[in-house]
S.K.: 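Handing you a structure now.
Scope of the values below: all heavy atoms of this structure, side chains included, with no hydrogens, waters or symmetry mates.
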Amino acid sequence: MPTELVPFPERPDEDGVVDAVVVDDGQELATRTPDSELTPSAAARVADGWAASTQTGYARDWKTFTSWCSSAGRTPLPTTPETLASYVDHLATAGLAPATIDRALGTIASYHEAEGHSLPTKAARMALRSYSRQWVKAGGRRRQAPALNVDQLRQMLEATSSGLVGLRNRALLLLGYTMMARRSELAALDIGDVREVADGLEVFVATSKTDKDAEGATVAIPYGTHRLTCPVRTVADYLAALAEAGVTAGPLLRSVDRHGRPAGTPEAAGRSTGRMSGAGINLVVKELATKIGVEGVTAHSLRAGPATAAAAAGVPRAWIARQGRWSERSTAVDSYIRPADAWRDNPMRKVGL
């Protein structure tokens, strides 16, 4: 029996699941050839090429776009430059931030690219540029989590509770800071991804936002000067505590019940591994920051803070980008480096004022 074929490519729905394509009256099947189709397993792999978080965001943006096209009597795929520019105007009129609109454009372009359609975006980009100027003039600014400095990090570490929960949260903070980690990267870490070596820790990040080919990256984390802020000794203590509870594999950052028992043990409440989600990690960071009286801090502050601190200390940009797994051509890392450079390399320091 020949392998069943499906159209290329399939698009994930909100849950990242690939739905079947409906064919009316068999007419579309008559024009297809095996060379223009994917097998079901290949279609699933293509859809799974995007990271889970990306799939969810793309699906949401795509659903919003197709719904607007339906109500406006326009075609979403392949769409036209005029439709795309009109959609930008629709989102701008609704008051969305330019960064949100830019992300939506990226989603639409990705869907077109996946199906082999070119999508001229010049008109849409010009419309977005116009709106961005209006946005800034009206007082709009890109909201960015503040960079967490070392003194604030130390206060947050001191504010953690005792027991396994406090130890886990200290490990979370220090790994996030020293790895310049995204919260999704922290959530995905397993115990086996952490290895103690002579100079500190080696942490394997299996996948990250900029690792399109899922090659993985090993992050080196050296010993800290002070016991409280030393990531190596803190993580070692946390791993020892997990091992004492009978946990030697599975998620590194996991939930702990009210009796101080880590998820994944027979005695702990619930039967799941209890892997912390990115949202859960973010909540821990926000609560500890609020506890020391610092507002606006999120898990992203653990990524922004060390990048800014390293730049202020004169660390080369390439080293910072490598530690935080930014692309070499990334402009995002520059947004953390520039504030430090603006003071360290300020020309007004040299004019004798």
S.K.: Has the side chain of K291 got a donor or acceptor atom that lies under 3.5 Å from a matching backbone atom of A159?
M.R.: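 Side chain of K291 to backbone of A159: a pair is present.
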S.K.: Are the side chain of T100 and the backbone of L96 linked by a donor-acceptor contact shorter than 3.5 Å?
M.R.: no
S.K.: Please check: side-chain N/O of T308 versus main-chain N/O of A147, any donor-acceptor pairing under 3.5 Å?
M.R.: no
S.K.: Measuring from atom CG of L172 to atom OH of Y177, what distance do you get when rounded to the nearest 0.5 angstrom?
M.R.: 14.5 Å
S.K.: Please check: side-chain N/O of N169 versus main-chain N/O of T160, any donor-acceptor pairing under 3.5 Å?
M.R.: no
S.K.: Report yes or no: does Y87 contribute a side-chain atom to a donor-acceptor pair with the main-chain N or O of E82 at less than 3.5 Å?
M.R.: no
S.K.: Which pair of non-hydrogen atoms, one from S301 and one from P306, has the smallest distance, and what is that distance?
M.R.: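 That would be O-CD, 4.2 Å.
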S.K.: side-chain contact (heavy atoms from CB on, under 4.5 Å) for I108 and W62? Distances and angles first, verdict last.
M.R.: CA-CA 7 Å; I108 297 166; W62 182 253; 4.3 Å; yes
S.K.: When you measure from the side chain of S67 to the backbone N and O of K63, does any donor-acceptor pair fall under 3.5 Å?
M.R.: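 Confirmed, S67 side chain pairs with K63 backbone.
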S.K.: Is R170 salt-bridged to D237, going by a charged N under 4.0 Å from an acidic O?
M.R.: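 No, no charged N to carboxylate O under 4.0 Å.
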S.K.: When clusters are formed by joining ILVMFWY residues with side-chain heavy atoms under 4.5 Å apart, either directly or through shared neighbours, do L167 and Y223 land in the same one?
M.R.: yes
S.K.: Under 4.5 Å between side-chain heavy atoms, counting indirect links through other Ile/Leu/Val/Met/Phe/Trp/Tyr residues: same cluster for L283 and L174 or not?
M.R.: no
S.K.: Indicate the atoms forming the closest heavy-atom contact of G224 with P231, along with that distance.
M.R.: N-CD, 4.0 Å
S.K.: Check whether R275 reaches the backbone of A187 with its side chain - one donor and one acceptor, N or O, closer than 3.5 Å.
M.R.: yes
S.K.: Please enumerate all residues that pass ring-ring contact (aromatic ring centres under 6.0 Å, His included) together with Y238, with sequence neighbours excluded.
M.R.: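 For Y238, no residue satisfies ring-ring contact (aromatic ring centres under 6.0 Å, His included) once neighbours in sequence are set aside.
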S.K.: So do P262 and L164 actually touch side chain to side chain, heavy atoms under 4.5 Å?
M.R.: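 L164 reaches P262 side chain to side chain.
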S.K.: Mind checking the CG-CZ spacing from L84 to R125? Nearest 0.5 Å is all I need.
M.R.: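 Interatomic distance, L84 CG to R125 CZ, rounded to 0.5 Å: 8.5 Å.
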S.K.: Are side-chain heavy atoms of P78 and H112 found at a separation under 4.5 Å?
M.R.: yes
S.K.: Counting only N and O atoms by type, is there a donor-acceptor contact under 3.5 Å from the side chain of R325 to the main-chain atoms of M179?
M.R.: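 Present.
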S.K.: Drop me the distance from D199's CG to I221's CD1, to the nearest 0.5 angstrom.
M.R.: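 D199 atom CG to I221 atom CD1 measures 13.0 Å (nearest 0.5 Å).
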S.K.: So among D190, V247, L175, which one has a side chain to side chain contact (heavy atoms under 4.5 Å, CB included) with L252?
M.R.: L175
S.K.: Which heavy atom of A104 sits nearest a heavy atom of L91, and at what distance?
M.R.: CB-CD1, 4.1 Å
S.K.: If you take all heavy atoms of A123 and P81, which pair is closest and at what distance?
M.R.: CB-O, 4.4 Å
S.K.: May I ask you to decide if the ring planes of W68 and F65 are parallel, tilted or perpendicular, using 30° and 60° as cut-offs?
M.R.: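 Parallel.
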S.K.: Checking the side chain of R183 only, and the main-chain atoms of H300 only, is there a donor and an acceptor separated by less than 3.5 Å?
M.R.: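 No; zero donor-acceptor contacts below 3.5 Å.
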S.K.: Indicate yes or no: at least one non-hydrogen side-chain atom of R154 is less than 4.5 angstrom from one of V150.
M.R.: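 R154 vs V150: side chains touch.
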S.K.: How long is the straight-line distance from OG of S132 back to CD1 of I101, given to the nearest 0.5 Å?
M.R.: 7.0 Å
S.K.: Is it the case that atom CZ in R227 sees more than 12 heavy atoms from other parts of the structure closer than 6.0 Å?
M.R.: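 Yes, the 6.0 Å shell around CZ holds more than 12 heavy atoms from other groups.
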S.K.: Are more than 12 heavy atoms from other residues, nucleotides or ligands located less than 6.0 Å from atom CD of E113?
M.R.: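 It does not: E113 CD has 12 such atoms or fewer within range.
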S.K.: Compare every heavy atom of A171 with every heavy atom of V235, then report the nearest pair and how far apart it is.
M.R.: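 Smallest heavy-atom distance, with atoms named: CG2-CB, 4.3 Å.
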S.K.: Taking the side chain as everything from C-beta on, heavy atoms only, tell me whether M180 gets closer than 4.5 Å to I320.
M.R.: yes
S.K.: Would you check, one step at a time, whether the test side-chain hydrogen bond (donor to acceptor under 3.5 Å, both in side chains) holds for T83 with T80?
M.R.: CA-CA 5 Å; T83 290; T80 65; 3.1 Å; yes
S.K.: Applying side chain to side chain donor-acceptor pair (under 3.5 Å), name anything that partners D193, two or more places apart in sequence or on another chain.
M.R.: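 Per chain and number, D193 pairs via side chain to side chain donor-acceptor pair (under 3.5 Å) with no residue.
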S.K.: Would L105 and T121 count as a side-chain contact (heavy atoms from CB on, under 4.5 Å) here? Give the steps.
M.R.: CA-CA 8 Å; L105 287 178; T121 61; 5.8 Å; no
S.K.: Quick one: does T107's side chain have a donor or acceptor within less than 3.5 Å of a partner on R103's backbone?
M.R.: yes
S.K.: Just how far is it from atom CG of L288 to atom CD of Q152, taken to the nearest 0.5 Å?
M.R.: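 One finds 13.0 Å between CG of L288 and CD of Q152.
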S.K.: Using the rule that Ile, Leu, Val, Met, Phe, Trp and Tyr join whenever any side-chain heavy atoms are under 4.5 Å apart, tell me whether L228 and V232 fall into a single cluster.
M.R.: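 Same cluster.
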S.K.: Could you walk me through whether V284 and R168 satisfy the side-chain contact (heavy atoms from CB on, under 4.5 Å) test, starting with their C-alpha distance in whole Å, then the side-chain angles of each, then the deciding distance to 0.1 Å, before giving a yes or no?
M.R.: CA-CA 10 Å; V284 167; R168 179 205 65 192; 4.2 Å; yes
S.K.: Out of curiosity, L201 CG to R233 CZ, how far, rounded to the nearest 0.5 Å?
M.R.: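 If I round to the nearest 0.5 Å, the distance is 11.5 Å.
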S.K.: Any side-chain heavy atom of I292 within less than 4.5 Å of one from E158?
M.R.: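 I292 does not reach E158 side chain to side chain.
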S.K.: A side-chain contact here means heavy atoms from C-beta on lying under 4.5 Å apart; do L173 and V285 qualify?
M.R.: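 Yes; the side chains approach each other to less than 4.5 Å.
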S.K.: Which atom pair, heavy atoms only, marks the closest approach of W135 to A97?
M.R.: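 Residues W135 and A97, closest heavy atoms: CH2-CA, 3.7 Å.
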S.K.: Quick one: do L242 and T248 satisfy side-chain contact (heavy atoms from CB on, under 4.5 Å)? Show the steps, please.
M.R.: CA-CA 7 Å; L242 288 180; T248 56; over 6 Å; no
S.K.: Please determine if R303 forms a cation-pi arrangement with W326, meaning its NZ or CZ atom is less than 6.0 Å from the six-membered ring centre and no more than 45° off the ring axis.
M.R.: yes
S.K.: Check whether any side-chain heavy atom of M156 sits under 4.5 Å from a side-chain heavy atom of L148, and report yes or no.
M.R.: yes
S.K.: Given side chains that start at C-beta, do those of L253 and I281 come closer than 4.5 Å, heavy atoms only?
M.R.: yes
